[in-house]
Amino acid sequence: MIVVMRTGATGEEINEVKRTIEEHSLEAFLSVGEERTVIGVVGPDVERVEHIHSLPGVEQVIRVSKPYKLASREHHPDRTRVRVGSVEIGAGSPLRVMAGPCSVESREQVSATARWVRREGASVLRGGAFKPRTSPYQFQGLGIAGLELLAEAGAGTGLPVVSEVTDPSQVEVFDRHVDLLQVGSRNMHNFVLLRAVGQSRRPVLLKRGFGATIEEWLMAAEYILSSGNPNVILCERGIRTFEPSTRNTLDLTAVPVLRELTHLPIVVDPSHGTGHRSLVRPMALAAAAVGADGLIIEVHPDPPRARSDADQSLSFPEFGDLMDDLRRLEYLREPVAAVAPPSVAAPVELERLRDRIDDVDARLAALLEERAHLAVAVQQTRSSGDHGHDVARERSLLERAAASEGSVLSAQDREMVFGSILRASRSAQRRSSAVAEESAAAEASASAAAGPGSAA
Ligand code: PEP
Ligand code: MN
């Protein structure tokens with residue numbers, strides 16, 4: 001049951017409602033909004049306090065039909081923003097990315113990853129120390145030592161950290177080392193653990209059980225909220241379906257569904273959701289597009305050698321590419337929130353360098369145009385109908401590009417750029433020959449219509 005107070009209800013009126021609820025051995029959860037206060041009533045037989053509607057300052061009493069109350073939008077009409085260390089997630093904050101290794105393996109591994117992901121714009125460092133592995137023979141994590149290394153890497157980069165807690169007895173030590181407690185998919189139904197993290201002062205990242213419905217997941221959140229911890233972030237990480245081509249089926253529909261049902265922030269984990277490195281980027285972008293408040297991504301300095309989840313961990317450059325794409329998308333997603341930070345006057349030297357870059361870009365655009373014109377001229381000089389490309393020439397161009405010594409660009413980057421130029425030139429050629437073929441066909445049919453002999 002939800003008690004909605006009038007706008008401007010006094011503190012005394014609010015206290016009186018709270019006292020009445022508690023006198024009936026029920027619990028009252030205050031949610032103070034910008035306009036009004038809403039009080040959630042939970043416990044057995046809440047109808048016993050329905051008469052509250054006649055107390056001063058009360059506007060209305062609403063029976064919540066859903067089994068979850070505190071997680072519902074009725075209880076908290078505005079979306080919640082949860083603070084993790086110095087970072088806020090949800091309700092109009094920009095998309096937040098949590099990133100780091102599946103498991104903390106060593107000081108070097110976690111600190112190098114922390115530096116990299118921070119440089120690329122991640123807001124939170126992830127790293128498992130207690131790993132809930134399917135097999136008891138697999139790497140189980142470094143335990144407390146792993147938590148300490150994670151905390152050290154977080155402190156070294158200024159990133160808050162998140163790690164999975166697997167047992168209620170660990171909550172105290174986690175409270176000391178991490179900024180966000182993760183409850184993993186396999187533990188979503190562990191109600192003792194949910195109550196224990198509900199008593200923590202740290203926010204909780206609650207992953208969806210791989211066999212849980214959205215309602216069951218919200219009921220798990222309700223355990224945490226009703227134990228006194230209002231700071232819950234939900235994490236969609238894929239569910240088990242009949243489809244074997246991905247590790248799980250990432251249920252992105254859950255994001256807009258949850259936005260209707262709950263005020264809690266929603267994060268998506270495309271790493272566990274897909275299980276394949278190549279699928280992380282497209283699904284991360286899709287999650288951002290459907291309104292996720294954040295993402296959690298596995299990143300490793302040397303993915304093939306990761307001690308857990310090697311197949312789904314991104315390398316540093318792959319993570320960098322993903323962050324670039326997400327930044328582009330953010331302008332479409334939240335045009336207001338994502339406006340560029342107010343431009344501070346750049347130092348003269350910086351301005352000068354940027355002017356030179358603008359100049360180089362203009363020359364590159366002109367050269368690109370010139371190259372495409374030449375490619376089209378080549379196409380037109382070929383005998384008609386000949387679409388063959390000189391594959392050997394193209395390959396040697398790419399090889400020359402890759403071999404440029406001492407370049408600041410990697411061979412892979414240069415190949416990518418020249419590959420794109422070749423593809424663009426080829427499509428210009430195709431367009432020009434299509435136009436030529438069309439006009440030749442039009443001419444032919446016009447002369448056929450004019451009849452024999454008219455061509456003179
Ligand atoms: C993890 O994030 O490391 C993890 C084990 O995820 P999940 O609980 O979603 O499988
Ligand atoms: Mn993992």
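Not measured: the values here are computed from a predicted model. Start at 1 with the first residue, then count along the sequence. Remember, it's 1-based here, ligands and their atoms both numbered in the order they're listed.
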The single option from Lys207, Arg247, Arg237 that satisfies salt bridge (charged side-chain N to carboxylate O under 4.0 Å, His left out) with Asp269 is Lys207
Okay, side chain of Arg202, backbone of Leu181: is any donor-acceptor separation there less than 3.5 Å?
no
Parallel, tilted or perpendicular: which fits the ring planes of Phe316 and Trp116, with parallel below 30° and perpendicular above 60°?
parallel
Report, as yes or no, whether the 6.0 Å neighbourhood of atom CZ on Arg133 holds more than 12 heavy atoms from other residues, nucleotides or ligands.
yes
Could you tell me whether Phe139 atom CZ has more than 12 heavy atoms of other residues or ligands within 6.0 Å of it?
yes
Determine how many protein N/O/S atoms sit closer than 2.8 Å to the Mn ion (ligand 2), leaving waters out since they are not shown.
4
Contacts of Ala114 that satisfy side chain to side chain contact (heavy atoms under 4.5 Å, CB included) - sequence neighbours left out:
Leu125, Ala153, Thr157
Could you pull out all donor-acceptor pairs under 3.5 Å where a side-chain atom in residues 21-34 meets a protein atom, sequence neighbours excluded?
{"residue": "Glu22", "atom": "OE2", "partner": "Lys18", "partner atom": "NZ", "Å": "3.3"}
{"residue": "Glu23", "atom": "OE2", "partner": "Arg19", "partner atom": "NH1", "Å": "2.6"}
{"residue": "His24", "atom": "ND1", "partner": "Thr20", "partner atom": "O", "Å": "2.9"}

Between Met1 and Ile62, is there a side-chain heavy-atom distance shorter than 4.5 Å?
no
With Leu180, the side-chain contact (heavy atoms from CB on, under 4.5 Å) member among Val161, Ile233, Val204
Ile233
Could you list each N/O atom of ligand 1 together with any protein N/O atom closer than 3.5 Å, one pair per line with the distance?
{"residue": "ligand 1", "atom": "2 (O)", "partner": "Arg126", "partner atom": "NH1", "Å": "2.8"}
{"residue": "ligand 1", "atom": "2 (O)", "partner": "Gln182", "partner atom": "NE2", "Å": "2.9"}
{"residue": "ligand 1", "atom": "2 (O)", "partner": "Lys207", "partner atom": "NZ", "Å": "2.9"}
{"residue": "ligand 1", "atom": "3 (O)", "partner": "Arg126", "partner atom": "NH2", "Å": "2.9"}
{"residue": "ligand 1", "atom": "3 (O)", "partner": "Lys131", "partner atom": "NZ", "Å": "2.8"}
{"residue": "ligand 1", "atom": "6 (O)", "partner": "Lys207", "partner atom": "NZ", "Å": "2.9"}
{"residue": "ligand 1", "atom": "8 (O)", "partner": "Ser185", "partner atom": "N", "Å": "2.8"}
{"residue": "ligand 1", "atom": "9 (O)", "partner": "Lys207", "partner atom": "NZ", "Å": "2.8"}
{"residue": "ligand 1", "atom": "9 (O)", "partner": "Arg237", "partner atom": "NE", "Å": "2.6"}
{"residue": "ligand 1", "atom": "9 (O)", "partner": "Arg237", "partner atom": "NH2", "Å": "3.4"}
{"residue": "ligand 1", "atom": "10 (O)", "partner": "Arg186", "partner atom": "NH1", "Å": "2.9"}
{"residue": "ligand 1", "atom": "10 (O)", "partner": "Arg237", "partner atom": "NH2", "Å": "2.7"}

